[in-house]
Undergrad: 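Just dropping this structure here.
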Protein chains: 2
Amino acid sequence: MAEKEIPNVIIGRLPVYLRALRHIQAQGQQTTSSQELGEMVGVSAAQIRKDLSQFGEFGKQGTGYNIAFLVDKLREILKVDRVWDVVVVGMGDMGHAIARYQGFANRGFRVVMVFDNNPALIDQKVGEFVIRDARVMVRAIHEAGIKVAMLTVPASAAQSVANQLVEAGIKAILNYAPISLNVPHGVLLQYIDPSTGLQRMTYYLD
Amino acid sequence: MAEKEIPNVIIGRLPVYLRALRHIQAQGQQTTSSQELGEMVGVSAAQIRKDLSQFGEFGKQGTGYNIAFLVDKLREILKVDRVWDVVVVGMGDMGHAIARYQGFANRGFRVVMVFDNNPALIDQKVGEFVIRDARVMVRAIHEAGIKVAMLTVPASAAQSVANQLVEAGIKAILNYAPISLNVPHGVLLQYIDPSTGLQRMTYYLD
DNA sequence: TAGATTGTTAATCGATTAACAATC
DNA sequence: TAGATTGTTAATCGATTAACAATC
């Protein structure tokens, strides 16, 4: 029997559930329901239950879900029950902000190296990091076995840097450059583009 | 006859098409096809054609789409054939980066005010802006008639600032705080959370 | 003309919702 | 026990794809 393939759209919702669960957990709540969680994240209760049921039976009839337990399960499913080393490439304002961002702690990621190709920036400090020369990037990433990268270079450089990241063995790229990238099959890609985010809303404004 | 309601999932793809079209336009190309555009953005040619056909007939059999014309149409549809004034709230590293970001030019947005509640930051300059006191925010936004906001405050403050933005008349919020927000019906919301973006990929890694 | 590519229809595929027996 | 809420099934709804006549 073939393994059941979980739809990507469901995987996309799990991090949102996890984030919301962490939030109510931090407020000391022990238990929640599909109803309550659904209201928090803007999804129907039926969908929450359906999504979670793809991975097991995590709730109890009558009482709902134990938050700590469900958080553990989601962390396991999303493979963030470990810490992924991440590189940041491009030390402009955005790369700077990302390198110093405290929000990765406890969410499964840790920035370990940052790069730029600007001689004026190389060897400068950003937060706790020393900016390294992009020319040593491929080798350094490869040697450290890093699989996850955040790309914060200008759009004009993004594709060629992405190619280098792939060459270095990176398997997941979070792209902040406002441009569609091409990567080989097997390399994952997510986009963060504020203009695109805003344009998804202006359609509905007048 | 009721106006046809365009599915939200289609609206979400249009900014990506627009971004790609701008890119090939900048390279001097005049014309493209659903095939070519689809390959650039990772969507089937049939879907590109279907999406665009919701809004009119923008192509020509045999020759495809005139890029300049299609760009104009998409800008019109997405209502970015004008410039939307935007406020940024929260002048930490991320707000700083956003306030100085050059990528909004020509994409329909212009940052016009930035706020923080930290007395040490108020009246300091960030790029071309002077950071204003969050206590005057509601009034200032209301008086300026601003409809679009970017929220870059800590998660712990995000909901209460969002409430103030709604009170001030903001209709679209791009939220960088890693937390699900509650806003009234009629207020639009998009999320930018790097951890969530990364967690959507780690599921597929090993 | 011949070749290319659109816009659209119908078929397929997939995702969401409603409903409820099971059970805590 | 009575009330609440799960996990799951079947029904509905919506989105994607394949195919092709129209036509540039």
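The sequence lines fix the lettering, A, B, ..., with proteins before strands; numbering per chain opens at 1.
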Undergrad: From CZ of A:F58 over to P of C:dT23, roughly how many Å is that when rounded to an integer?
TA: 19 Å
Undergrad: Within this structure, what is the CD-to-C1' distance between B:Q35 and C:dG7, rounded to whole angstrom?
TA: 16 Å
Undergrad: Measure from NZ on B:K60 to C1' on C:dG7 and round the result to the nearest Å.
TA: 14 Å
Undergrad: For the side chain of A:Q61, counting heavy atoms from C-beta on, which of C:dT6, D:dG7, C:dA22 is nearest?
TA: C:dA22
Undergrad: Check the phosphate of C:dC24 against A:T63, side-chain N and O only, distance under 4.0 Å to OP1 or OP2. Yes or no?
TA: no
Undergrad: Classify the side-chain pair B:N8/A:Y204 by whether it contains a donor and acceptor separated by less than 3.5 Å.
TA: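 Yes, side-chain donor-acceptor contact under 3.5 Å.
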Undergrad: Tell me, do A:L21 and A:T32 make a side-chain contact under 4.5 Å, heavy atoms counted?
TA: yes
Undergrad: For A:F69 and C:dC24, what is the distance between atoms CZ and P respectively, to the nearest whole Å?
TA: 14 Å
Undergrad: Compute whether any side-chain donor of one residue and acceptor of the other, for B:Q199 and A:Q190, lie under 3.5 angstrom apart.
TA: no
Undergrad: Which atoms form the tightest heavy-atom contact between A:L78 and B:T202, and what is the distance?
TA: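 For A:L78 versus B:T202, the nearest heavy atoms are O-OG1, 2.8 Å.
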Undergrad: Do B:R107 and A:T196 have side-chain N/O donor and acceptor atoms under 3.5 Å apart?
TA: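 B:R107 vs A:T196: donor-acceptor pair found between side chains.
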Undergrad: Atom OH of B:Y65 and atom C1' of C:dA4: how far apart are they, to the nearest Å?
TA: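 Roughly 13 Å, once rounded to whole Å.
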Undergrad: What I want to check is whether the side chains of A:E39 and A:Q35 have a donor and an acceptor closer together than 3.5 Å.
TA: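 Note: A:E39 and A:Q35 side chains meet the donor-acceptor criterion.
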Undergrad: Nearest whole angstrom, please: distance from the P of C:dT6 to the CD of B:Q54.
TA: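 My rounded result for the distance is 16 Å.
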Undergrad: What string of B, S and - do you get for nucleotides 8-18 of chain D 5' to 3' if you count protein non-hydrogen atoms under 4.0 Å?
TA: BB-----SBBB
Undergrad: Check DNA chain D for consecutive Watson-Crick or G-U pairs with both distances under 3.5 Å and list the runs of at least three as stems.
TA: C:3-24 with D:3-24
Undergrad: Report yes or no: do A:N163 and A:Q159 form a side-chain donor-acceptor pair below 3.5 Å?
TA: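 Per modelled atom types, A:N163 and A:Q159 side chains form a pair under 3.5 Å.
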Undergrad: Determine the minimum heavy-atom distance between A:F104 and B:S195, stating which atoms define it.
TA: CD2-OG, 3.4 Å
Undergrad: For the pair made of CZ in B:F55 and C1' in C:dG7, what is the distance, rounded to whole Å?
TA: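 Between C1' of C:dG7 and CZ of B:F55: 15 Å.
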Undergrad: Measure the shortest side-chain to side-chain distance between B:R19 and A:S180 over non-hydrogen atoms and say whether it is less than 4.5 angstrom.
TA: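 With C-beta onward as the side chain, the pair touches.
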